[in-house]
Structure formats: C-alpha cells, structure tokens
Chemist: 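Got a structure for you, questions after.
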Protein chains: 2
Amino acid sequence: MATIYEVAALAGVSPATVSRVFNGNTVSEEKQRLVRDAAQQLGFTPNKTARRLRKQSSEIICLLVPDIENPFFTALARGVEDRAQESGFSVVLCNTDDDPAKELRYLQIAASEHMAGVILSPASDEVDLGAIASLGRPVVAVDRTTPYPVDAVKIDNRAAGIAATTALVEAGFRRIACIAGPAGIEETEDRYLGWKQVVTARKTLVRDGFLQHANFRVDGGRAAMNALLDLVQPPDAVVTTNNLMAIGALQALHEAGIDPEDFGVAVLGELPYLLPPPSSVVQVRLPARHLGRTAATMLLERIGGDTQPLRTVVLRAEIARPPLSL
Amino acid sequence: MATIYEVAALAGVSPATVSRVFNGNTVSEEKQRLVRDAAQQLGFTPNKTARRLRKQSSEIICLLVPDIENPFFTALARGVEDRAQESGFSVVLCNTDDDPAKELRYLQIAASEHMAGVILSPASDEVDLGAIASLGRPVVAVDRTTPYPVDAVKIDNRAAGIAATTALVEAGFRRIACIAGPAGIEETEDRYLGWKQVVTARKTLVRDGFLQHANFRVDGGRAAMNALLDLVQPPDAVVTTNNLMAIGALQALHEAGIDPEDFGVAVLGELPYLLPPPSSVVQVRLPARHLGRTAATMLLERIGGDTQPLRTVVLRAEIARPPLSL
DNA sequence: GTGAAAGCGCTAACAA
DNA sequence: TTGTTAGCGCTTTCAC
C-alpha cells in the first residue's frame, strides 16, 4: 500500500497537496491531475486508520441489535445500511444476544474504534452509554428506548397492540390472551397495555394467566402458548407481541392438534415466509426497514453537526388483514 | 478518553510500561498494580485506532455475504461471530447484494481499515482479491468458491443434490424437475448435477424445461415454478437448490391450488419457521452455522501465522425426512 | 525490568 | 494555492 509521501514524491508535490486532493480541498487543476496520475500509477488508497487517528472519527456506523437471526432486525439492518451507503458510510453490525455484557463490550469497541455514531436496540434499561457519550458521538435508540437522553425511533406500540386485539374482537373472539415479552422492557409493556385496554373496554373475558411473559424467541412463545392451553378455561385467541413468539405459539397450537382457523392469533410483526398463511392470523406489520432508515437518517444528521433538541420519532404500524401471502 | 500518557503520569511510570501492561509483556508485579489502578481510576481504554496504525493490523474480521436477510447467511454469520468472540475478535458484517461493485468496495474498506482477514461468499467468479491479498491478509471463501487461491469451506453440493433427488424418487415421484440458481455459479452447478445424476440413473422422465435457472430469491423460485407448471407435461416433483427459491416454489404451488402433499418438493436448505411443514417436503439441512464457525477457525489460524498449504474443507449436508417441525 | 525516542500515515495549522 | 511541521495514541527497538 503506497503512502501519501510516495504519491507526493512521484507527483512532485508536497504530501499536504496529495491530502488536499483526496479531501476535495482547493488545489490547482494541474497539480490535481499530477496527483491523480501518480496515485493511479501506485494504486494508492488513503489509509483510513491513519486518517481516523488524526481526525478522531471515522465514517463507520455501529449498529447493535439483540438478535441478528430475527428477520425483524435484519430488515431493520437493511434500512440502516441502505441509508448509510447513500452517504458513503459503512455499517458494522453487532449482535448483543440481549446480553448487557456483550452490549457493553461492543459499545466500548465503538468508542475506541472512533466510530462515527451508534444505533442500538438496547438489551436492557441499564445500557451504559457513558463511554460513547463522553466522546460526543451521537447515539440513536431504535425500536427500544432507553432512559439515557438520546434520539429515538420507535413504533407506536400501544396502537399496534390495540389494532391487533381489536381485530380479534371483531372477528368474534371473546377470550383473548396475550403473550408479551419479558417484563421490564417498555416496548413490551406498551404492547400489552394496548391489549389490556381493548379487552377491558370491550369487556371480553380475561382470566388469571391470560397475560403471559416470555422471552422474545420461538421457544418462549411456544412455552407460553402451552401454558395458556393448560388453563382450566383456556382462551380462544391470543395476541403475541413479536414475530418469533407467534411462530412458537402457532407451533404449540399445531402440536395440540388445534386447527389455527379455529383459534384467533394476532401478531405484532410479520410471520416470515409462512405459507400458506392461516387465514385467521392477523398480522400487524411493523415497518422494520423504515425504522432502520429513519434511525440512520437521524444519526447522520447528528454526525453532520445537527444540534437540535433530542427527538423521538414514532412510526405507526399498519394492520394487514387478511394476511399477506407475502 | 484517557491516553497512555496520562495513565503513565498518574502511575509514575513511562508510557512504554503502560503499553506493556496492556499487552501482557513482562512488567514487575508492583508497577503492574500501579498501572492498573491508574488506568481504572481514569477509565482508560487502549485506543485501538492508534494501536492499529502502529501494528498495521487489527482484531476485526470482515464477513461479506450476498444477502443478510437470507436465514442461511444469518446462521452462517452467527457461526463466524461466535468463533470470533472466543478469540477476542469482532466481526464486521457486510451485505454485498450479490453486486460485484459493492463487494469490491467492501474489500477495499477491509484493506484500508487494516482488518485482520476476510471471510466471503463471493458475488461472482471475478472477485478482485488483489488489494486484500497484497497486504498479506488471509481470506477464506465460504459456501461459494472462487478461482482465486484461497482457503475455502463449502458444502458437498453434489451429494446434497443427490440426496434430495433420491428422496423424491423413493417417495414415488417420476417426473422430477429442478430449480437451480443462476448459471455460472459453481455451487449451483454442483447441486443440479446431483439432480441430473439421479434422474439419469433412475431413468425418471425428464422433459425440456425441467431444469430452470432462477435468481436465489423468493421471486425467482416462484417464477421458475410457474414456468414448470405451464409446461404441457408438467413435473410431479421439484428439487430447489436453495431455501428462498423453495419458498417461492411452494407459494406458486399454493396459488395454483395444488396441494403440497400431492406434489413432491425437496429443498437444499431449511424452510425457516415453516409450519406446519407439508409432510411431502424433503429438507436437506445445510450446516450453515457450522460452515461459518469452520471458516472463522481457519481464518483465525491463518491470522495466527499458520502457513500450511491452501485447504478446502467440504462439509456434508444432512438429510432430514420427515421434515423437522423446527 | 524499564525508559527515551522514533515513527505508523494522515490532516490541519501556520507560513510563505 | 502550496509547503513545512507538529502531532493523533500507540508499540517497539535500543539503551541502560
């Protein structure tokens, strides 16, 4: 890898001029040509590490998600990536596994790697944004929020919960349960509050045990559904607050020999690749990709020096019924 | 962010000693303690950018995949990530969209960012590994190979194709078609050669048009399946050479009103989250995660200075029939 | 075992 | 417009 000095020597100019050419600063036409020719000849590419050390910043965005195997987050990541590309930024995608220790480790890396900013879906309320914040690097929370004062992009979770539950009520179900995510995550709370609001207002039957907390994965949804089916008076429908738990719930129903057409299921999120989609499943589409794109846009604005007060952008989910055939 | 100089000053030692402490070099017990205390007190984290500039290398692995939204590649990514973590390496995940230009751009970034090595699933045969190779950085091809002389980890694609097709023959199907990926990708060729070998040996009926090439996505599989169904004498079964195309094929069958139980479908790969799995679907499980883990292991060995001759590791796919309920 | 000092490749004052 | 020069924070000889 050639350096700026070799290019300068070959072109007969100073290293500073070479630097200026590659940073779009004012250089005379002629020297510009000279430099470009020399660079071409040597196959010169600016060394980003050196530039970064000098400038104390890079053009890399760090994206932290809890589960890279969840299609919701891959779609979100695509949104971030597409937007970043447009501005010449690269994206480093990291998987936290919902583990605060891993999350912290990645945040420290982001700081010591001089990354330009961070977009994250926090693993817990206790994210430590100290290191990254003290460097003045912007942070945007996406999907999940944090008590830390940062920009955020989220979904109107309560409205999504209301839409899902309402659809089940209107389909004639009267004993509607809810499988929510782990307690203590605000996003989850809002979603089941939406469910609660509807079942209360519509006076449907709610028994002890109709609200189940589970982890966000397939196995969590399955266990919760089994618990619901074991109740002496089981529900006739269920709202699941994310995509993977819905898969688990549908699996449990299938294993119990229950025809999905006879049991109402509403999902906050989309059932990836599911086919044929049981016609009784209500999907509330969460705009994952758009969520990512919006977060990236906000982050890039901050990186560009935008100093307006902190914002939280709330995106509306869109109900899809009958279900999409994908 | 505190620097090594501030820590040195506080601990009453030289910067070199601080560096030695953080690199596990010989330093007396006492100074070691002094340095650690001072570092703790200042919240010091070594600046990786500076270290990288100095050492001309980092502890970051670059992983390039064609489609981050394909569950096969996310599983592969998990395998890479898990293994990298174990050795204290981080993984940068990049999406090439099967676009050689994007791929090249990321490879250049990998080079100029001094990344320790690259694992990639090449978008085409013409990958230019020049920049990265000239730096002496190791490269491992995964899933797909390249004419460039690098280590590789792949699946025994022909055997997988044979297994899938054989299962259909044994289930009694006699007019078996094949939906293969784009022409010119070796991995794909091997898979349909497996199909061809079986249909020839077993003397099943093969008509013109029974071999369809498609892109690797859902829409490709769907279009190919529709083309097959439009034949004057359509097939009674199909082998699809990746997961997403199988989804598309199943969609097309569903839309054509064909009961999946009456039409044989074999997939090279797994149908993500599909439920209930039509019992006629044969899945040949590709060990995606293991593929990633193996590639990471090989790369880390090379990074560690391993100079043995180039290797290609071939992993065996495993047939799963009746289909997994996940 | 420890310190002084040079330098990785680049950018940004400051001068000219 | 252009060149000179001083670092960015770290590692690593080379002395001691």
Side-chain angles (χ1 to χ4, degrees), chain A residues 1-36 38-39 42-60 108-109 111-116 131 134-137, chain B residues 1-36 38-39 42-60 108-109 111-116 131 134-137:
Chain A
M1 292 247 105
T3 76
I4 218 170
Y5 288 94
E6 305 173 46
V7 176
L10 184 59
V13 300
S14 78
T17 300
V18 178
S19 170
R20 286 182 188 115
V21 169
F22 281 89
N23 287 285
N25 293 321
T26 52
V27 173
S28 70
E29 282 285 308
E30 190 198 334
K31 302 222 163 180
Q32 206 154 134
R33 200 179 38 71
L34 249 36
V35 169
R36 292 204 187 283
L42 295 168
F44 168 78
T45 323
N47 182 318
K48 302 237 180 150
T49 304
R51 166 182 292 181
R52 190 190 306 190
L53 177 59
R54 179 61 227 238
K55 308 225 320 185
Q56 303 283 18
S57 99
S58 69
E59 301 198 321
I60 295 185
Q108 280 169 344
I109 290 176
S112 74
E113 292 282 352
H114 296 301
M115 298 196 189
S134 70
L135 288 176
R137 299 264 182 265
Chain B
M1 292 246 106
T3 76
I4 218 171
Y5 288 93
E6 304 173 47
V7 176
L10 184 58
V13 301
S14 78
T17 299
V18 178
S19 169
R20 288 183 186 114
V21 169
F22 280 90
N23 287 286
N25 293 321
T26 51
V27 173
S28 69
E29 282 286 308
E30 190 197 336
K31 302 219 163 179
Q32 206 154 136
R33 199 178 40 69
L34 248 37
V35 168
R36 292 204 187 283
L42 295 168
F44 168 78
T45 322
N47 182 318
K48 303 237 182 158
T49 304
R51 166 182 293 179
R52 190 189 306 189
L53 177 59
R54 177 62 226 238
K55 308 227 315 186
Q56 304 284 15
S57 99
S58 69
E59 301 198 321
I60 296 185
Q108 281 170 343
I109 290 177
S112 73
E113 292 283 351
H114 295 301
M115 298 195 189
S134 70
L135 288 175
R137 301 266 182 262

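Protein chains get the first letters and strands the later ones, always in sequence-line order, with residue 1 at the start of each.
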Chemist: What nucleotide among C:dA12, D:dG9, C:dT2 has an atom nearest to a side-chain atom of A:Lys55?
Modeler: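 Closest nucleotide to the A:Lys55 side chain: C:dA12.
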Chemist: Can you name the closest pair of heavy atoms from B:Ile4 and B:Pro15 and give their distance?
Modeler: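 Looking at all heavy atoms of both residues, the shortest contact is CD1-O, 3.9 Å.
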Chemist: Does any N or O in the side chain of A:Ser58 come within less than 3.5 Å of the main-chain N or O of A:His114, such that one atom is a donor and the other an acceptor?
Modeler: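 Yes; at least one donor-acceptor contact below 3.5 Å.
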Chemist: Between C:dC10, D:dT4, D:dT1, which nucleotide gets closest to the side-chain atoms of A:Ser28?
Modeler: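 My answer, after comparing the listed nucleotides, is D:dT1.
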Chemist: For B:Val27 and A:Ala16, find the nucleotide of DNA chain C closest to each by heavy atoms; which residue's nucleotide sits nearer the 5' end?
Modeler: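 Result of the comparison: B:Val27.
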Chemist: Atom CZ of A:Arg54 and atom C1' of D:dA6: how far apart are they, to the nearest Å?
Modeler: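 So the two atoms are 8 Å apart, to the nearest Å.
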Chemist: Quickly work out the B:Asn25 CG to D:dC10 C1' distance and round it to whole Å.
Modeler: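 It works out to 13 Å between those atoms.
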Chemist: For B:Arg51 and B:Asn23, work out which heavy atoms get closest and say how close.
Modeler: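 Heavy atoms of B:Arg51 and B:Asn23 come nearest at NH2-OD1, 3.6 Å.
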Chemist: Using a 4.0 Å heavy-atom cut-off across all strands, classify A:Lys31 as base, sugar-phosphate, or nothing.
Modeler: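 Result for A:Lys31 = sugar-phosphate.
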Chemist: How is B:Phe44 classified with respect to the nucleic acid when contacts are heavy atoms under 4.0 Å: base, sugar-phosphate, or nothing?
Modeler: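 Answer is sugar-phosphate: B:Phe44 comes under 4.0 Å of backbone atoms only.
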Chemist: Distance check needed: D:dT11 C1' versus B:Ile4 CD1, whole Å only.
Modeler: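 Those two atoms, CD1 and C1', are 8 Å apart.
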Chemist: Any side-chain N or O of B:Thr3 under 4.0 Å from OP1/OP2 of D:dG9?
Modeler: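 Answer is no, no contact under 4.0 Å.
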Chemist: Are B:Asn47 and D:dC8 close enough that a side-chain N or O sits under 4.0 Å from OP1 or OP2?
Modeler: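 No, no such contact exists.
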Chemist: Can you name the nearest heavy-atom pair linking A:Pro46 to A:Phe22, along with the distance?
Modeler: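 Where A:Pro46 meets A:Phe22 most closely, the heavy atoms are CG-CD2, 3.9 Å.
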Chemist: Whole Å only: how far is the CG atom of B:Leu42 from the P atom of D:dG9?
Modeler: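 Atom-to-atom, B:Leu42 to D:dG9, this comes out as 14 Å.
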Chemist: How about A:Val21 and A:Arg36: do any of their side-chain heavy atoms sit closer than 4.5 Å?
Modeler: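 Yes, side chains in contact.
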Chemist: Given atom NZ of B:Lys48 and atom C1' of C:dC8, what is their separation to the nearest angstrom?
Modeler: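 Rounding to the nearest Å, NZ of B:Lys48 and C1' of C:dC8 are 18 Å apart.
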Chemist: Tell me whether the OP1 or OP2 atom of C:dG1 has a side-chain N or O from B:Thr26 closer than 4.0 Å.
Modeler: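 So the side chain of B:Thr26 is within the cut-off, an N or O lying under 4.0 Å from OP1 or OP2 of C:dG1.
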Chemist: Roughly how many Å is it from NE2 in A:His114 to P in D:dG9, rounded to a whole number?
Modeler: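 Spelled out: NE2 on A:His114 to P on D:dG9 is 7 Å.
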Chemist: C:dC10 phosphate, OP1 or OP2: any side-chain N/O from A:Ser19 under 4.0 angstrom?
Modeler: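 Checking A:Ser19 against C:dC10: no side-chain N or O falls below 4.0 Å of OP1 or OP2.
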Chemist: Could you tell me whether the phosphate oxygens of C:dC8, OP1 or OP2, come under 4.0 Å of any side-chain nitrogen or oxygen in A:Thr49?
Modeler: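 False: A:Thr49 side-chain N/O out of range (4.0 Å or more) of C:dC8 OP1/OP2.
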Chemist: Less than 3.5 Å between a donor and an acceptor, one on the side chain of A:Tyr5 and one on the base of C:dC10, is that the case here?
Modeler: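 In this structure, the two groups form a donor-acceptor pair.
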Chemist: I need the CG-P distance between A:Leu53 and C:dG7, as an integer number of Å.
Modeler: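 Going from A:Leu53 (CG) to C:dG7 (P), I get 17 Å.
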Chemist: What distance separates B:Lys48 NZ from A:Thr49 OG1, expressed to the nearest 0.5 Å?
Modeler: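 Between atom NZ of B:Lys48 and atom OG1 of A:Thr49 there are 13.0 Å.
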Chemist: Report yes or no: is there a donor-acceptor pair, N or O only, under 3.5 Å between the side chain of A:Arg20 and the base of D:dG3?
Modeler: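 Per atom types, the contact qualifies.
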Chemist: I want to check one thing: is the phosphate of D:dG9, taken as OP1 and OP2, less than 4.0 Å away from some side-chain N or O of A:Gln56?
Modeler: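 For A:Gln56, the contact criterion (side-chain N or O under 4.0 Å from OP1 or OP2 of D:dG9) is met.
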Chemist: Quick one: which of C:dC8, C:dT11, C:dG3 gets closest to the side chain of A:Arg51?
Modeler: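 Comparing C:dC8, C:dT11, C:dG3 against the side chain of A:Arg51, the answer is C:dT11.
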Chemist: Starting from C1' on D:dC10, measure out to CD on B:Glu6 and report it in whole angstrom.
Modeler: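 So the CD-C1' distance, B:Glu6 to D:dC10, works out to 14 Å.
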